[in-house]
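This report refers to the structure that appears directly beneath it.
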Amino acid sequence: MAGIRKENRYKYMTETPVPKLILQLAVPTIISMMVTGIYNMADTYFVGRIPVNATGATAAVGMVFPLMAIIQAFGFMFGHGSGNFLSRMLGAGKKREADEMASTGFMFALIFGVVIAVLGNIFMSPITSFLSSGDVSKDTLAMTSEYARIILIGAPFMMCQFVINNQLRFQGNAVYAMVGLIAGAIINMVLDPLLILYYDMGVTGAALATVFGQITSFIMLLIGSSKGENIHLRLSNVRLNGYYFVQVINGGIPSLFRQGLAAAATALLNSAAGKYGGEAAIAGMSIVSRVMMLMMSALIGFGQGYQPVCSFNYGAKLKGRVKEGFWFSVKVGTVVLFALAVLCFINAPDVVRLFRDDPDVVAVGKEALRFQVLALPINAFSIMTNMMLQSIGRGVKASVTSSARNGICFIPAILILPLFMKLKGVEISQLVADVLTLAITVPFAMSELKKMRD
């Protein structure tokens with residue numbers, strides 16, 4: 001949290017009661033994730049109110065979402081990889097390695113973000129063709145390309161803001177991380193109605209609002225990283241060598257798999273929805289994906305409050321605190337998700353209608369939302385297991401658990417179930433994947449927890 005002096009950080013992270021520590025770190029992170037989730041939904045909300053071809057615009061924004069998820073995936077990979085490592089180093093008292101990793105992780109993200117921005121715009125035509133499928137009009141394809149080009153320009157800022165945010169969070173300074181993200185979210189949500197509706201810029205306005213929000217977050221987080229006892233980013237500390245790259249990959253590849261497979265899963269979901277239900281189905285499933293992402297953001301935010309507790313105390317060899325934090329996080333997460341699931345199941349039509357009041361869109365969205373929230377509570381155990389494994393440096397196990405929900409289990413489900421159940425198969429695929437993911441996760445979690453003894 002903000003204001004912790006360097007000499008007190010170790011005591012704060014290793015002696016504060018675990019539930020209290022997790023809550024102190026989680027509250028600003030949950031707020032950050034929820035606000036980020038809301039402003040990710042803002043584009044979908046406001047383009048749904050465009051007077052002409054609102055359903056096509058909603059579908060276009062939904063089809064570009066996998067591309068944004070890929071950019072975020074690499075941002076999280078560099079952010080979580082460098083953040084996990086520097087937190088363990090701080091716990092072990094190795095300040096120099098932590099300093100070098102912070103600057104190096106940032107530089108990796110900046111270089112990769114520029115590469116994605118350039119190559120993405122060069123190969124826009126095949127990217128658009130991949131993202132779109134099914135019964136999609138030429139106008140929708142044009143809007144998809146228009147939206148994607150601008151989003152790609154913001155890729156370096158998006159990736160770097162995720163890196164700084166996670167590095168601040170893993171140092172125990174979640175408040176600085178929260179302020180940076182909220183600043184960008186406010187800019188995005190203010191600009192959306194102005195650019196999309198008032199200035200009649202449609203999906204171009206939505207994309208510009210998103211990029212301006214990301215630039216704002218990047219600037220605010222960069223300023224925050226230079227305050228107080230936070231690790232300062234310095235060019236002199238950059239070490240683009242194999243050692244730090246391997247450490248980033250080991251700690252961050254599970255995040256890349258989790259986010260990257262989410263992008264692939266969304267693309268496959270859009271493809272299947274378009275094939276069996278056209279643009280209305282794509283729009284409906286896109287809305288459900290955003291709603292589910294918002295609810296999962298609350299869980300992920302809570303889990304990210306646990307991650308620095310986990311990695312710091314694991315580095316300090318206080319494994320009992322790691323174990324205690326895991327079970328506390330699972331219990332709280334399960335209860336909260338159960339409450340959210342009940343609310344969404346009862347009010348599913350109204351939730352979808354909030355974004356697009358189209359009977360065909362609502363018909364698909366309400367069924368998909370109800371199916372997906374049935375398994376929502378069990379995600380607490382799966383997500384917390386993945387975060388624990390990633391934070392203690394179990395790269396292989398963390399990669400498997402992070403790949404399960406959107407990859408190992410979901411991709412076969414979305415490819416097979418619609419063949420037999422048509423659109424209904426599309427709607428239930430995530431439910432099936434969540435149940436199978438829990439079955440994979442339980443033995444991984446229990447095997448590691450049994451090893452933890454102070």
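A quick note: this is a predicted structure, and the numbers were derived from the prediction, not measured.
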Checklist entry - Judged by atom type as modelled, is there a donor-acceptor pair below 3.5 Å linking the side chain of Arg321 to the main-chain atoms of Thr16? => result yes
Checklist entry - Between Phe108 and Phe78, what is the ring plane arrangement, given parallel below 30°, perpendicular above 60°, and tilted in between? => result parallel
Would you be so kind as to tabulate the donor-acceptor pairs closer than 3.5 Å made by side chains of residues 403-420, with sequence neighbours excluded?
{"from": "Ser403", "atom 1": "OG", "to": "Ser399", "atom 2": "O", "distance (Å)": "2.6"}
{"from": "Arg405", "atom 1": "NE", "to": "Asn379", "atom 2": "OD1", "distance (Å)": "3.1"}
{"from": "Arg405", "atom 1": "NE", "to": "Asp434", "atom 2": "OD1", "distance (Å)": "2.7"}

Item to check | Distance (rounded to the nearest 0.5 Å) between Ile282 CD1 and Ile287 CD1 | outcome: 12.0 Å
Item to check | Side-chain (Arg394) to main-chain (Ser391) donor-acceptor, under 3.5 angstrom | outcome: no
Checklist entry - Do Arg353 and Asp350 meet the salt-bridge criterion of a basic N to acidic O distance under 4.0 Å? => result yes
Item to check | Where Tyr314 and Val322 come nearest, the two heavy atoms and their spacing | outcome: N-CG2, 3.8 Å
Checklist entry - How many angstroms lie between CG in Leu191 and CD1 in Ile186, if you round to the nearest 0.5 Å? => result 11.5 Å
Next on the checklist: Would you compute the distance between atom CZ of Arg290 and atom OG1 of Thr58 and round it to the nearest 0.5 angstrom?
Outcome noted: 10.0 Å
Checklist entry - Can any side-chain N or O of Thr441 pair as donor or acceptor with the backbone N or O of Thr437 at less than 3.5 Å? => result yes
Checklist entry - Quick check: are there more than 12 heavy atoms from other residues, nucleotides or ligands sitting under 6.0 Å from CZ of Phe338? => result no
Next on the checklist: Using the rule given for side-chain contact (heavy atoms from CB on, under 4.5 Å), can you reason through Thr385 versus Lys397, listing the C-alpha separation, both sets of side-chain angles and the distance that settles it, and then say yes or no?
Outcome noted: CA-CA 10 Å; Thr385 296; Lys397 287 185 176 181; over 6 Å; no
Checklist entry - With side chains defined as the heavy atoms from C-beta onward, is the minimum distance between Arg239 and Glu97 less than 4.5 Å? => result no
Next on the checklist: Is a donor from one side chain sitting under 3.5 angstrom from an acceptor on the other, for Glu100 and Tyr243?
Outcome noted: no
Checklist outcome for this item: When every non-hydrogen atom of Ser82 is compared with those of Val163, the smallest separation belongs to OG-CG1, 4.3 Å
Side chains of residues 365-373: which donor-acceptor partners sit under 3.5 Å, not counting sequence neighbours?
{"from": "Arg370", "atom 1": "NE", "to": "Phe345", "atom 2": "O", "distance (Å)": "2.9"}

Checklist entry - Only one of Leu168, Asn237, Asn173, Leu86 forms a side chain to side chain contact (heavy atoms under 4.5 Å, CB included) with Ile231, so which one is it? => result Leu86
Checklist entry - Under the 3.5 angstrom rule, does the side chain of Asn347 hit a backbone N or O of Leu343 as a donor-acceptor pair? => result yes
Checklist outcome for this item: Taken to the nearest 0.5 Å, the spacing of Phe76 CZ from Gln390 CD works out to 10.5 Å
Checklist outcome for this item: Note: Val211 and Ile151 closest approach over all heavy atoms is CG2-CA, 4.2 Å
Item to check | Heavy-atom side-chain proximity of Phe312 to Phe170 below 4.5 angstrom | outcome: no
Checklist entry - Would Ile164 and Leu233 satisfy side-chain contact (heavy atoms from CB on, under 4.5 Å), going step by step from the backbone distance to the final call? => result CA-CA 9 Å; Ile164 302 174; Leu233 300 176; 4.1 Å; yes
Item to check | For Ile30 against Gly301, the heavy-atom pair lying closest together | outcome: CG1-C, 3.6 Å
Next on the checklist: If you define the side chain from C-beta out and look only at heavy atoms, does anything of Gln167 sit under 4.5 Å from Ser225?
Outcome noted: no
Checklist entry - Does the side chain of Met89 reach to within under 4.5 Å of the side chain of Met101, using non-hydrogen atoms? => result no
Next on the checklist: For a quick test of reading the model, state the closest non-hydrogen atom pair linking Glu427 to Val364 and the distance between them.
Outcome noted: OE2-O, 3.7 Å
Item to check | Those residues that, when tested against Arg234, pass salt bridge (charged side-chain N to carboxylate O under 4.0 Å, His left out) (two or more places apart) | outcome: none
Checklist entry - Do the non-hydrogen side-chain atoms of Phe328 and Leu23 ever get within less than 4.5 Å of each other? => result yes
Item to check | 4.5 Å side-chain heavy-atom contact, Met387 and Phe326 | outcome: no
Checklist entry - Can you tell if the side chain of Leu110 reaches within under 4.5 Å of the side chain of Met159, non-hydrogen atoms only? => result no
Next on the checklist: Using 0.5 Å steps for rounding, measure from the CE atom of Met107 to the CG atom of Leu240.
Outcome noted: 7.0 Å
Checklist entry - What's the verdict on side-chain contact (heavy atoms from CB on, under 4.5 Å) for Phe157 and Ile219, showing C-alpha distance, side-chain angles and the deciding distance? => result CA-CA 9 Å; Phe157 300 102; Ile219 294 172; over 6 Å; no
Next on the checklist: Would you call the rings of Tyr244 and Phe85 parallel, tilted or perpendicular, taking 30° and 60° as the class edges?
Outcome noted: perpendicular
Item to check | Atom of Val61, atom of Tyr147 and distance for their closest heavy-atom approach | outcome: CG1-OH, 4.0 Å
Checklist entry - Do the side chains of Asn166 and Arg169 get nearer than 4.5 Å, heavy atoms only? => result yes
Checklist entry - Is there a side-chain contact (heavy atoms from CB on, under 4.5 Å) between Met384 and Phe302 once you walk through the steps? => result CA-CA 9 Å; Met384 295 306 166; Phe302 190 78; 3.9 Å; yes
Checklist entry - Under the 3.5 angstrom rule, does the side chain of Asn188 hit a backbone N or O of Gly184 as a donor-acceptor pair? => result no
Item to check | Point-to-point distance, once rounded to the nearest 0.5 Å, from CG of Leu449 to CZ of Phe444 | outcome: 13.5 Å
Item to check | Sidechain-backbone polar pair: Ser226 side chain, Ile223 backbone, donor-acceptor under 3.5 Å | outcome: yes
